[in-house]
Amino acid sequence: MGLFSIFKKAETLPPLTDDEQARLAANSEAERQSQAARQREIARATAMKIDAIESAMAADIFNLPEPAWGSQRPPRPPRPASDNDELGDIPTTLLLGDDELPLAAADAHTPVVEEIAILYANGQAAVAQQMLQAAVAEAKHINSERTAWWMLFDLYQVTGQQDAFDNLSIDYASTFETSPPAWQAPAALAAASPDWAGLTPTESFSGVLGPHIAPQLERLRQLAASHPVLRLEFTRVAVVHADGAALLLDTLRQLQQQQRELILVGAAALTAHLRANLVTGRRDDGEAVWLLLLELLQLQQREKEFEQISMDYCVTFEVSPPSFTPPHKVAMAPAQHVSASPDRFMLPPVIENQLGALLPAIQRYAEQYPALVFDCSRLTRIDYASAIQLHTALRELAGEGRNIAFRDVNHLVTALLRLLGYASLARIYPHKY
């Protein structure tokens, strides 16, 4: 070995082939085009935001009467508490699902959220969507504010954009390392009477379903004659006895025959409870409990599970299996970990161009009930002027010491209500994601 062989020059790489040079050039060009596209996207979003604000100002929506909005928030007057009402003993605040958070906790991105809420309220959904997409793109880290995400999820659902919803769900799961919201088709959000608004009688069942529920069921049957929509809550049911199951089963069948629309809260949880406690071949639980389980599966349109349980029922009681019949006007609502709710006033899907006949109906509701609960499960949008008018009406009722709540509110409407100071008058429960 020569003396200088240990100091050899570093080996030089072989020259790139023509194909490798072409691929390298193509990658550089693709990266340059991607950066340029991103810059154009930012520019368009900025221009669109400016145009939207100018459009809103031109429509004079910023000059409507009280309550004023912006950097100052309306005062929050104290309200008298009530020991018997679910709304009375907790200070007024904005609640996100089951978590009781102060209003300030939702203010991380107030300016952009408020702009989007106003634009969407006044029918500019396309602009609101682009602004939400930009806000979400800037909030892709695990500790970021989620309000824009929830608003965009709601916007996709309201407008029926399931593919976009699914893509956002993937980003949401990877960003926050949690399960994304589930898609609900518009038909599932509102059953066969989507435009109806008014009083919704509510019965909440808890503890044991036994013979003592007969008066509640009788009340529902009487109210069915004059109310097209009835609400039944099963969230807090712990035990089901055969006699209670028979009473509930008979009432559900009667209401279906009368073509009343039913809103069932916690039906899935009750179904799971019944199914977990029934054993094929064991008759001790009673035939009515099995039939109630089949009825609940039918009301939820879970036909495949219905067929499976019907065969188990057939084997257990040695009878022919019942046939599946599609239900009439049934909507499901998520379970809520709250105390029993009074009769609710269901708001329509869209409120715009002033309240019209809706305001007298709300006033009649207020004459009958000391606590007012507005069911917003079907409310997709309320325009700015109508929201101001409703705020004025509710301010008078709140001044009388009335307890007011808005339940199952989508996050687009929640942002507008919060902006207009509704949290000083009522408790707001956005639907939980």
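Each residue takes its place number in the sequence, starting with 1. Just so we're clear, the structure is a prediction, and the values are computed from it rather than from any experiment.
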Counting C-beta onward and ignoring hydrogens, is there a side-chain heavy-atom pair between [X] and [Y] closer than 4.5 Å?
{"X": "R381", "Y": "V158", "answer": "no"}
{"X": "T200", "Y": "H227", "answer": "no"}
{"X": "L217", "Y": "F205", "answer": "yes"}
{"X": "L248", "Y": "F234", "answer": "yes"}
{"X": "T202", "Y": "V265", "answer": "no"}
{"X": "S310", "Y": "F324", "answer": "no"}
{"X": "H431", "Y": "T414", "answer": "no"}
{"X": "R395", "Y": "T392", "answer": "yes"}

Could you grab the distance from atom [atom1] of [X] to atom [atom2] of [Y], nearest 0.5 Å is fine?
{"X": "S386", "Y": "L358", "atom1": "OG", "atom2": "CG", "value": "9.0 Å"}
{"X": "L270", "Y": "E233", "atom1": "CG", "atom2": "CD", "value": "13.0 Å"}
{"X": "I116", "Y": "L155", "atom1": "CD1", "atom2": "CG", "value": "9.5 Å"}
{"X": "T280", "Y": "I309", "atom1": "OG1", "atom2": "CD1", "value": "7.0 Å"}
{"X": "L412", "Y": "L417", "atom1": "CG", "atom2": "CG", "value": "11.0 Å"}
{"X": "R282", "Y": "T316", "atom1": "CZ", "atom2": "OG1", "value": "9.5 Å"}

[X] to [Y] - nearest heavy-atom pair and separation:
{"X": "L199", "Y": "F345", "result": "N-CD1, 3.9 Å"}
{"X": "P430", "Y": "I428", "result": "CD-O, 3.3 Å"}
{"X": "V113", "Y": "R418", "result": "CG1-NH2, 3.8 Å"}
{"X": "L416", "Y": "A121", "result": "CD2-CB, 3.8 Å"}
{"X": "V240", "Y": "A245", "result": "CG1-CB, 3.9 Å"}
{"X": "L420", "Y": "A387", "result": "CD1-CB, 3.5 Å"}

**Request:** Give a yes-or-no answer on whether the side chains of T159 and Q161 include a donor-acceptor pair shorter than 3.5 Å.
**Result:**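 Side chains of T159 and Q161: pair found under 3.5 Å.
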**Prompt:** So, Q300 and E305: side-chain donor and acceptor under 3.5 Å apart, yes or no?
**Reply:**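 The criterion, which ignores hydrogens and geometry beyond distance, is not satisfied for E305 and Q300.
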Could you tell me whether the side chain of [X] and the main chain of [Y] form a donor-acceptor pair under 3.5 Å?
{"X": "R402", "Y": "Y369", "result": "yes"}
{"X": "Q258", "Y": "R260", "result": "no"}
{"X": "R344", "Y": "D375", "result": "no"}
{"X": "D154", "Y": "H411", "result": "yes"}
{"X": "D383", "Y": "N353", "result": "yes"}
{"X": "Y365", "Y": "F374", "result": "no"}
{"X": "N410", "Y": "T380", "result": "yes"}

**Request:** Tell me whether the centres of the aromatic rings in Y172 and F153 are closer together than 6.0 Å.
**Result:**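 Yes: the rings meet the under 6.0 Å criterion.
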**Request:** Just grab all the side chain to side chain donor-acceptor pair (under 3.5 Å) pairs involving residues 208-224, residues at least two apart or on different chains.
**Result:**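 Output for this query lists E203-Q216, E203-R219, E218-R221, E218-Q222, R219-D343, R221-T251.
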**Message:** Checking D312 against Q308 for the side-chain hydrogen bond (donor to acceptor under 3.5 Å, both in side chains) test, could you report, in this order, the C-alpha distance in whole Å, the side-chain angles of both residues, the deciding distance, and whether it holds?
**Reply:** CA-CA 7 Å; D312 293 340; Q308 294 171 349; over 6 Å; no
**Prompt:** L359 and Q354: side chain to side chain contact (heavy atoms under 4.5 Å, CB included), yes or no, with the steps?
**Reply:** CA-CA 9 Å; L359 184 56; Q354 303 297 313; over 6 Å; no
Residues 286-298, side-chain donor-acceptor partners within the protein, below 3.5 Å, at least two apart:
residue : atom : partner : partner atom : Å
E287    : OE2  : Y313    : OH           : 2.3
Q298    : OE1  : T325    : N            : 2.8

**Prompt:** Can you name the one residue among D171, L168, T175 that meets side-chain contact (heavy atoms from CB on, under 4.5 Å) with V136?
**Reply:**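 Only match with V136 under side-chain contact (heavy atoms from CB on, under 4.5 Å): L168.
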**Request:** Using the side chain to side chain contact (heavy atoms under 4.5 Å, CB included) rule, take N277 and D285 through it: C-alpha gap first, then chi angles, then the decisive distance, then the call.
**Result:** CA-CA 9 Å; N277 288 278; D285 299 300; 5.7 Å; no
**Message:** Just to verify, which of F406, Y384, Y422 counts as forming a ring-ring contact (aromatic ring centres under 6.0 Å, His included) with H391?
**Reply:**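 The passing option is Y422.
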